[in-house]
Asker: 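Pasting a structure below so you can have a look.
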Amino acid sequence: MTQNTAPAAEAANAPTRTAHHRRYLMCRPEHFTVSYTINPWMEPANPTDTAVAMRQWQDLHDTYRSLGHEIELIDPIEGLPDMVYTANGGFLIDGIAYGPKFRFAERAGEAAPFIDWFRAAGFDTREPVEVNEGEGDFLLVGEVILAGTGFRSTGDSHREIGEVFGREVVSLTLSDPRFYHLDTALAVLDPVEGIANGGPERANIAYLPSAFDERSQAVLAERYPDAIHVSDEDGAVFGLNSASDGRNVIISPRAKGFEKQLRDRGYNPILVDLSELLLGGGGIKCCTLELRGAGS
Ligand code: ARG
């Protein structure tokens, strides 16, 4: 881990950010490899190194722990190499777990183990009817669920998740196949809507405008006028596939411009390299599922 020790709020006028406790579900990449292609990053002919994946993953795990976050683990299963990307395993708020239904047969076998894990952990678990890939395509911002479609989760799952949680769902359409899950194109920096540093500040997000169709870009611009727009360059290295606790934002060391944008806004970027897991088309956020609310 390249821990950045510089003061977070170097920039004048940058609001003071508050770190919030997080509980995450992760899965060791013991069986990680790229043996099929279901996104443009996956090329089975390129060799993968499971030991490197394990080391990089451990680094992410230890970074969360050092920030005081709680990590739960789900056992990896042989033959399910993408299980390390736990973000796709479900979506949880207030102790309710909405299970996944994967788009491709290659990942279908992951759904039952995730659903079983939520039940065993004491979550009120709901099995989906519609195809959805969990927190890969659903992100909670304030009271609202931003929902991605275009490549994986269907529009019908947006309706279903709205019914499960009784919340407003804002549908966004992804249009660039490299950014096939919402969490590859948009990052929630501070999910709390409220007051920062004495002044009102809207819930804060960062996103890659060019990953969305025109309608969705207009929706985002209207709802989040203060959002950070990242460059295509930073987007292309999965800079947005990051995890924030409201203050500390774990990002790829390659996303140089985003790192600076975060610092200018008072966040504390922490660089963790998951280059090996990028061979499967995933990064920091993909390996992280937030467990919100009860469950024991
Ligand atoms: N190989 C996986 C897939 O294509 C990567 C999943 C990345 N996960 C994410 N939350 N973006 O399904």
Side-chain angles (χ1 to χ4, degrees), residues 24-46 48 50 53 56-57 60 74 76-77 79-92 98-111 113-114 131-140 145-154 157 161 172-188 206-208 211-212 230 235-244 250-252 255 272 274-291:
Y24 291 138
L25 180 64
M26 299 181 74
C27 179
R28 284 203 169 80
E30 263 166 47
H31 306 294
F32 174 72
T33 186
V34 175
S35 52
Y36 49 79
T37 304
I38 57 172
N39 69 55
W41 304 82
M42 300 174 85
E43 176 43 76
N46 293 343
T48 49
T50 308
Q56 293 182 337
W57 178 94
L60 178 63
I74 181 169
I77 297 173
L80 297 175
D82 276 339
M83 207 170 157
V84 59
Y85 305 113
T86 52
N88 301 122
F91 185 76
L92 300 88
Y98 173 60
K101 184 165 172 181
F102 288 87
R103 160 80 59 174
F104 296 111
E106 288 87 342
R107 296 196 69 182
E110 296 177 42
F114 276 108
V131 168
N132 83 88
E133 298 199 350
E135 211 167 51
D137 273 326
F138 302 126
L139 295 170
L140 182 66
I145 298 170
L146 300 186
T149 189
F151 298 100
R152 299 292 180 92
S153 303
T154 60
S157 74
I161 200 172
L172 300 168
T173 303
L174 296 159
S175 58
D176 179 334
R178 288 174 303 160
F179 307 105
Y180 56 92
H181 279 138
L182 183 61
D183 71 357
T184 65
L186 190 150
V188 182
Y207 64 97
L208 175 65
F212 295 91
V230 306
V237 293
F238 262 32
L240 285 162
N241 198 249
S242 58
S244 174
I250 324 289
I251 63 165
S252 159
V272 173
L274 288 191
S275 58
E276 197 62 25
L277 290 151
L278 191 55
L279 299 174
I284 292 161
K285 179 67 196 71
C286 301
C287 295
T288 310
L289 174 64
E290 191 169 350
L291 301 170

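Start at 1 and go down the list; that is how both ligands and their atoms are numbered.
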Asker: Name the residues in contact with ligand 1, where contact means a heavy atom under 4.0 Å away: which are they?
Answerer: Ile38, Asn39, Met42, Asp82, Tyr85, Ala87, Asn88, Arg107, Gly136, Arg152, Tyr180, His181, Asp183, Thr184, Gly280, Gly281, Cys286
Asker: Could you tell me which residues satisfy salt bridge (charged side-chain N to carboxylate O under 4.0 Å, His left out) with Glu135, sequence neighbours excluded, listed by chain and number?
Answerer: Lys285, Arg292
Asker: So, Asn132 versus Ser157: side-chain donor-acceptor pair below 3.5 Å or not?
Answerer: no
Asker: Are the side chains of Cys27 and Thr86 in contact, using a 4.5 Å heavy-atom criterion?
Answerer: yes
Asker: Considering residues at least two apart in sequence or located in another chain, which fulfil the side-chain contact (heavy atoms from CB on, under 4.5 Å) criterion with Ala185?
Answerer: Leu174, Phe179, Ala211, Phe212
Asker: Is a side-chain N or O of Gln56 found less than 3.5 angstrom from the main chain of Glu276, in a donor-acceptor match?
Answerer: yes
Asker: Donor-acceptor pairs are to be reported for all side-chain atoms of residues 31-42 against protein atoms at under 3.5 Å, with residues two or more places apart or in another chain.
Answerer:
{"from": "Thr33", "atom 1": "OG1", "to": "Thr48", "atom 2": "OG1", "distance (Å)": "3.3"}
{"from": "Tyr36", "atom 1": "OH", "to": "Asp82", "atom 2": "OD2", "distance (Å)": "2.8"}
{"from": "Thr37", "atom 1": "OG1", "to": "Met42", "atom 2": "O", "distance (Å)": "3.2"}
{"from": "Asn39", "atom 1": "OD1", "to": "Trp41", "atom 2": "N", "distance (Å)": "2.8"}
{"from": "Asn39", "atom 1": "OD1", "to": "Met42", "atom 2": "N", "distance (Å)": "3.3"}
{"from": "Asn39", "atom 1": "ND2", "to": "Tyr180", "atom 2": "OH", "distance (Å)": "3.2"}
{"from": "Asn39", "atom 1": "ND2", "to": "Gly280", "atom 2": "O", "distance (Å)": "3.1"}
{"from": "Trp41", "atom 1": "NE1", "to": "Arg178", "atom 2": "O", "distance (Å)": "2.9"}

